[in-house]
Amino acid sequence: MNDKDSLYQDAIKEFARAAHGHGQLAAATGEAKLDNPLCGDRVRMQVSVTSGHVAAIAHETKGCLLCRAAASVIGLHAAGQDANGIEAVAHDLEGMLQEGAPVPPGWPELSMFEPARRYPSRHGCVLLPFRALLAAMAESEMKRVQR
Amino acid sequence: MNDKDSLYQDAIKEFARAAHGHGQLAAATGEAKLDNPLCGDRVRMQVSVTSGHVAAIAHETKGCLLCRAAASVIGLHAAGQDANGIEAVAHDLEGMLQEGAPVPPGWPELSMFEPARRYPSRHGCVLLPFRALLAAMAESEMKRVQR
Amino acid sequence: MNTMDTPLRDGFPLLAASPDLHYLDSAATSQIHRSALDAVARHETTCRANVSRGTYRLAEAADRAYEQARQTVARFLNAGAAGEVIFTSGATASLNLVAHAFGNTLKAGDRVLISVAEHHSNFVPWQMLRDRTGIELALIPVTDAGQLDLARLPELITGNCRLVAVTQCSNVTGAWTDVATLVEAARKVGAKVLLDGAQAVQHGPQDVRALGIDFYAFSGHKCFGPGGVGVLWGREELLAKLSPFHTGGGMIGEVTPQATTWAPPPQRFEAGTPPIAQAVGLAAALEWMMTLDWQQIHARESRLCELLVDGLLRIPALRLLGPESSAARAPIVSFDIPGLHPHDICQVLDARNLALRGGHHCAQPLMAALGIDVCTRASIALYNDETDILALLDGLSFALRELA
Amino acid sequence: MNTMDTPLRDGFPLLAASPDLHYLDSAATSQIHRSALDAVARHETTCRANVSRGTYRLAEAADRAYEQARQTVARFLNAGAAGEVIFTSGATASLNLVAHAFGNTLKAGDRVLISVAEHHSNFVPWQMLRDRTGIELALIPVTDAGQLDLARLPELITGNCRLVAVTQCSNVTGAWTDVATLVEAARKVGAKVLLDGAQAVQHGPQDVRALGIDFYAFSGHKCFGPGGVGVLWGREELLAKLSPFHTGGGMIGEVTPQATTWAPPPQRFEAGTPPIAQAVGLAAALEWMMTLDWQQIHARESRLCELLVDGLLRIPALRLLGPESSAARAPIVSFDIPGLHPHDICQVLDARNLALRGGHHCAQPLMAALGIDVCTRASIALYNDETDILALLDGLSFALRELA
Ligand SMILES: Cc1ncc(COP(=O)(O)O)c(C=O)c1O
Ligand SMILES: Cc1ncc(COP(=O)(O)O)c(C=O)c1O
């Protein structure tokens, strides 16, 4: 199989296996649990945000390779980002999957999901950890302003 | 149009117009109101039964020509019959309409409904007054045994 | 773009195969357009799989076709988003859905306002809601011409009125409802508005946003599509607040023995395997409709309607139901001839290949308000032409003689 | 009579046109048989009219076709009378109908007994009934092999038990329910029995009288028929006592603003225009099924099922769900391979033209009872053959390597 076109590239398998960021935070400022009711993928994402920027994340991800690999990319890259930055990546990633837009700048590893463009039913798997991260950050922000 | 095959034979129109038995009884022993919810035909049938035999009937029939003609035939023929007799006629009439069975014996006028055999949606129109008569006789009998 | 000189009849296989048939019962069910038939067959033979759950290509193709059908319906209705379109099994199912899902947000003493002109499918579900929950059910009366008497609105749209649920067009008199006036009055008291579009859709694409309403219901079989499929459109923010009606596969978030959570709309309201091929067929019919010149079709339908009304008014003793002006009505024309029963009339007309319907047309409260039990109805659609109307007028003269 | 040497695959247009497709997802939806497709097209192009209300010949033809379809379903089920057959939009709609119409005859404290193996469509409607009315909802557990644990019946079928509503065959494990034991226990306390036949019907005609049950539900799209149509069968004397669920046109006795009376069954439960052409298509599929030699088909389905199970059991670490004996199960085979997600498995298999489904299969309580979230399912129907099974086993070896 041509690795560049294959959905299950080695990179995806390696990221899923590595599971960067897997675990729990001792002092999360925000948390979200999201699942995809139609396929059973499930992500629990915790963040610790200081001055509007991600200090750390941790996730527990049950799901397919695509979902686990995406969560792992977040584990590698999220630290230091603010909400706008994460939103932009999630938006660009959706564009990449659905309309063939370029790979989100600064997140070159996401190119490994390009073959998933052909499988609309799998887009949700890749996007779920990003949605969970955004939800966790929103929760963190809400708690902050309520304090 | 060949009158023998035509649904609206002169006989039907004449019987409907004559409306034998139309009206109300002063001393009914049984009564029934039946309608055909799908077409709006409506029959109110009263009977006066003595010793198990019809002494008199009266009906108020709102409906199509077929229904009115059938009620009118009842007005002409029902007196003197017992429940079994009426049941047999109703049964034979249904057989005539649905399976081409012979005209019910003793009720030769019912042959005018033979062309309705081709129109299943109209069988209910012809049968409704007979069903109302049977229901009225059943009510009469029930009242009798309860007395 | 089709022009009206092209005989639209050719696109309807049943009509094309029956050149002598004068089909004047489209208000009961329209004939199916070839594009819808073909789309159903194509879907079933190239994309058949269950939706929303499979990852194989066939299942993805089925999903795509189904969601594209949703988008087509959204365009036909000018809805704000495809997610506002719920596929149901028909208008009746759509109306029952609202009577339960929205009905469950009401409490005893709240008012639902319908009209005496409603089809039983938009009448009985509200009666049931009344009997179940103790809401007040109020009725807009009709004028002698069979139109909703909106002069009565000020007293009927009370402060406790939560919903106005009326037909866009009567299936008996053809009278169009003055939706703008209704919506304005409803908005003043914060009531939502449901429009039963079952009779309207075969007369052209709709604009639910311009209408300013909250819910819209219709059936596929009345707009040249397949049976077994219908639509409920609802405003996104309103649907999001409602609980489901039917429950089962495909509409859940998570199921445990203790409790169940719901998927977001529209899935929340589509329990079980939906009518997939039928939705695709409906979309094909609507796509076809959206290529037509509706101004021209309306002009033509009105012309035929006037021809018919003029002819009917020449029959002594005949009572025309509904407005005389063709602008005030869809081309649905019902009438009563004292002493002649509609079933006898229709039967005699059938012998002349005229397909008309007689009865109460599932509108007994309207019949009662008009002082009749039953009537005869001719309904005109885009495939009818003058020969149909002339055959009907001729057939009626014959029926009057035959049945006298 | 067809013999099994005739490749049944040829009768299925989608499969005939895709010789390389290994369709192993018939438990989600079966492919449609040519006879059903043709019957739908023939009905729509020669008999299309609304039913139960028209007197013209086209309407009478539609009525006849629809009522004949009812008779065919009655024969397929060996029902006592055609009037016991209610057409719905699908199994989910049938189950919701019973949960409301029969559910409304229950009072707080009455018990409904279902099982943890139910599809959400026979689970959530009863939860909703519980939450609405305060009935007790009890669950028959499953054994490790995924079969209903009927040893627990004595304690579960209590004196207040009014209904036992269970699947005839699990859509995940394929396990057949021991209906006779269940019916006997239910009869002792006077409880009614509903069987969800959604998965059973594609494996042959049924005999509701021999089963001794009270309600039976299934969908057309799972027995080689069209989508958008389903059936609820119910005993005549039981249906006669129930109030309607959906209300609207066609199911009434008389409607006045004050109150409404109901038509007798089955019309009472068929509000609105039914899925006419779909019912006719379903009947055509069932007619075709009734010409087949089911003993031979069962032998063949079992053989394929055994071949698959044997192959799966050779995969290290693979956990087979459900009974190992092919006599105890329909040819529905689900499995879990720790560390591999079903969606990844199905995706890799798809590249080899294998159509399988992964997920919770709308049976989350069963998944939880089996200690998993999701699994991969292969379901076998009468058009499958050895090449499908061998391709699957080969594909799984490949997937194990590809995804490692
Ligand atoms: C105004 C109106 N509303 C609702 C309906 C019900 O539509 P359906 O029978 O397709 O559910 C009809 C059709 O008969 C109708 O004319
Ligand atoms: C056991 C069982 N019951 C009920 C259903 C629901 O059937 P439908 O989705 O056709 O309404 C299914 C199908 O998914 C099933 O497998």
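Heavy atoms only: backbone and side chains are in, while hydrogens, waters and symmetry mates are out.
For the set D:M251, D:E118, D:M128, D:H120, the entry with the most heavy-atom pairs within less than 4.5 Å of chain C is D:H120. Taking C:Q347, C:Q258, C:H221 one by one and counting their heavy-atom pairs under 4.5 Å with chain D, the maximum is reached by C:H221. Counting heavy-atom pairs under 4.5 Å between each of C:K222, C:R130, C:Q127, C:E254 and chain D puts C:Q127 at the top. Each of C:P13, C:G227, C:P275, C:S219 has some count of heavy-atom pairs under 4.5 Å with chain D, and the biggest count is that of C:G227. Across D:L97, D:N353, D:D131, the residue that shares the most heavy-atom pairs under 4.5 angstrom with chain C is D:N353. Between chain D and the residues C:S30, C:A17, C:S26, C:P244, the most heavy-atom pairs under 4.5 angstrom are made by C:S30. Contact tally against chain C (heavy-atom pairs below 4.5 Å) for D:T88, D:L356, D:V116: the top residue is D:L356. Taking C:A259, C:S121, C:P226 one by one and counting their heavy-atom pairs under 4.5 Å with chain D, the maximum is reached by C:S121.
Both the backbone and the side chain of C:A355 come within contact range of chain D, judged by heavy atoms closer than 4.5 Å. Looking at C:Q31, both its backbone and its side chain come within 4.5 Å of chain D, counting heavy atoms on both sides. In this structure, chain C has heavy atoms under 4.5 Å from both the backbone and the side chain of D:A28. Using a 4.5 Å cut-off between heavy atoms, C:W262 touches chain D through its side chain atoms alone. With a 4.5 angstrom heavy-atom cutoff, D:I276 does not touch chain C via any of its atoms. Looking at C:A271, the atoms closer than 4.5 Å to chain D (heavy atoms on both sides) sit in the backbone and in the side chain alike. With a 4.5 angstrom heavy-atom cutoff, C:L139 touches chain D only via side-chain atoms. Heavy atoms closer than 4.5 Å to chain C are found in the backbone of D:T46, but not in its side chain. Only the side chain of C:N96 comes within contact range of chain D, judged by heavy atoms closer than 4.5 Å. Of the atoms belonging to C:V229, not a single heavy atom falls under 4.5 Å from chain D. D:A93 touches chain C through backbone and side chain together, each having a heavy atom under 4.5 Å away. Neither the backbone nor the side chain of C:A16 comes within less than 4.5 Å of any heavy atom in chain D.
Closest of all the heavy-atom pairs between D:G249 and C:C362 is CA-SG, 3.8 Å. Closest approach of C:T92 and D:G248 over heavy atoms only: CG2-CA, 4.3 Å. Among all heavy-atom pairs drawn from D:A59 and C:R357, the shortest one is CB-NH2, 4.2 Å.
How far OG1 of D:T260 is from CZ of C:F123: 7.0 Å, rounded to the nearest 0.5 Å.
Contact of the D:Y56 side chain with the C:L349 side chain is not registered, since no non-hydrogen atoms from C-beta on lie closer than 4.5 Å. Between C:L14 and D:L58, the closest side-chain pair of non-hydrogen atoms falls below 4.5 Å. The closest side-chain heavy-atom distance from C:L37 to D:T45 is below 4.5 Å. Side-chain contact check for D:V124 versus C:V255: some heavy-atom pair is nearer than 4.5 Å.
Side-chain N or O atoms of C:Q364 include none that pairs as donor or acceptor with a backbone N or O of D:T256 at under 3.5 Å. Put simply, the side chain of D:N50 never gets that close to the backbone of C:T29: no donor and acceptor are under 3.5 Å apart.
In this structure, the ring of D:H246 has its center less than 6.0 angstrom from the ring center of C:F245.
Evaluation of the salt bridge (charged side-chain N to carboxylate O under 4.0 Å, His left out) test over residues 36-45 of chain C, restricted to residues two or more places apart or in two chains, returns C:E44-C:R48. The stretch residues 26-37 of chain D participates, sequence neighbours left out, in no salt bridge (charged side-chain N to carboxylate O under 4.0 Å, His left out) pair at all.
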